[in-house]
Amino acid sequence: GGEDVKHDGLPDLAKNRIDVAFQTMGLREPDYIAHELRQCRSILCSSEEYIRIHGRLRHPKDLLNHELIGHLQMPTMVRFTHNIEEVEIPFAGRFNYNSASVLLDAVRANLGIAILPDLALLTDLNQGQLVELLPDWQCPSVQIDAMTDHRYLSRCVKTFLNFVKMDSNQNKVRRHH
């Protein structure tokens, strides 16, 4: 069976006997092979409880008055677009992490607002545990890659990568307004 390993940054795949690691942001390791899966829509999100306590956002500029949870490999200035309007907002806060799973845990714990790839949020958004903020505004999308440490892939790993490519193109966030 598979093992769900959370790691700060990309682990040493061979040393940890990991066949595939997923990476959504940051520089590609030159020793690894990147298998591009898809572009992920980035979603500005928080818990409903955080919004209840701190108030709803009406415009990206409102983020300046909120607790932001940043990703260390994300640009510190984030461009939000809505039709022809563009706004750049500094996006860093008290909490800045190098792992999407840690950001997600921080958002679930009501610590603030984060920008995360849609794939990381599927379950939480569809079950109403987290909410998409400013859904009419777009954040820059991110590439999600499956990283492997060698060119030869076993049949099992190839099958898994093909499944993930198909599944990632079918699983989309259902938008709630």
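In this structure, CG on Asn83 lies 8.5 Å from CD on Gln138, to the nearest 0.5 angstrom. Put simply, SG on Cys139 and CG on Asp118 are 11.5 Å apart, with the number rounded to the nearest 0.5 Å. Annotation: the span from Phe80 atom CZ to Glu86 atom CD amounts to 12.0 Å, rounded to 0.5 Å. Expressed to the nearest 0.5 Å, how far CG of Leu122 lies from CD of Gln127 amounts to 10.5 Å. Rounded to the nearest 0.5 angstrom, Ile43 CD1 and Leu134 CG are separated by 12.5 Å. Arg155 contributes atom CZ, which lies 7.5 Å from atom OG1 of Thr159 (distance to the nearest 0.5 angstrom).
Shown here are the side-chain hydrogen bond (donor to acceptor under 3.5 Å, both in side chains) partners of His54, two or more places apart in sequence or in another chain: there are none. Residues satisfying the side-chain hydrogen bond (donor to acceptor under 3.5 Å, both in side chains) criterion with Glu88, sequence neighbours excluded, are Arg79. Thr123 meets the side-chain hydrogen bond (donor to acceptor under 3.5 Å, both in side chains) test with no other residue; sequence neighbours excluded. For Ile53, the side chain to side chain contact (heavy atoms under 4.5 Å, CB included) partners two or more places apart in sequence, or in a different chain, are Glu49. Listed by chain and residue number, Arg108 satisfy the side-chain hydrogen bond (donor to acceptor under 3.5 Å, both in side chains) test with Asp124 (two or more places apart in sequence, or in another chain).
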Fill in: Worked verdict on Leu63 versus Leu57 for side-chain contact (heavy atoms from CB on, under 4.5 Å)
CA-CA 7 Å; Leu63 289 166; Leu57 280 69; 3.3 Å; yes
Item to complete: Evaluate side-chain contact (heavy atoms from CB on, under 4.5 Å) for Leu116 paired with Cys45, printing each intermediate quantity in order.
Response: CA-CA 7 Å; Leu116 287 161; Cys45 65; 4.1 Å; yes
Discussion item. Please determine whether side-chain contact (heavy atoms from CB on, under 4.5 Å) holds for the pair Ser46 and Val131, giving the CA-CA distance in whole Å, both sets of side-chain angles, and the decisive distance to 0.1 Å.
Written reply: CA-CA 6 Å; Ser46 75; Val131 292; 4.0 Å; yes
Practice prompt. Starting from the C-alpha separation in whole Å, work towards a yes-or-no answer on side-chain contact (heavy atoms from CB on, under 4.5 Å) for His66 and Tyr50.
Written response: CA-CA 10 Å; His66 283 269; Tyr50 176 87; 3.0 Å; yes
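There is a side-chain donor-acceptor pair under 3.5 Å between Gln39 and Ser141.
Hydrophobic cluster membership differs between Met77 and Ile113, with clusters built from Ile, Leu, Val, Met, Phe, Trp and Tyr side chains linked at under 4.5 angstrom.
Under the 30°/60° scheme for interplanar angles, the aromatic rings of His59 and Trp137 are found to stand perpendicular.
In terms of heavy-atom proximity, Leu44 sits nearest to Phe91 at CD1-CE1, 3.9 Å. Scanning both residues, Ser47 and Leu130, for their nearest heavy atoms gives CA-CD2, 3.7 Å. Here the closest heavy-atom approach between residue Ala114 and residue Val107 is recorded as CB-CG2, 3.5 Å. Shown here for Leu103 and Ile115, the closest heavy-atom pair between the two residues is CD2-O, 4.1 Å. Nearest heavy-atom pair across Pro140 and Ser42 is O-OG, 2.5 Å.
Side-chain atoms of Asn96 never come within 3.5 Å of backbone atoms of Ala92 as a donor-acceptor pair (strictly under, hydrogens ignored).
The shortest distance between side-chain heavy atoms of Pro60 and Ile89 falls below 4.5 Å.
Legend: salt bridge (charged side-chain N to carboxylate O under 4.0 Å, His left out) pairs involving residues 55-64, not counting sequence neighbours, sorted by first then second residue: Glu48-Arg56.
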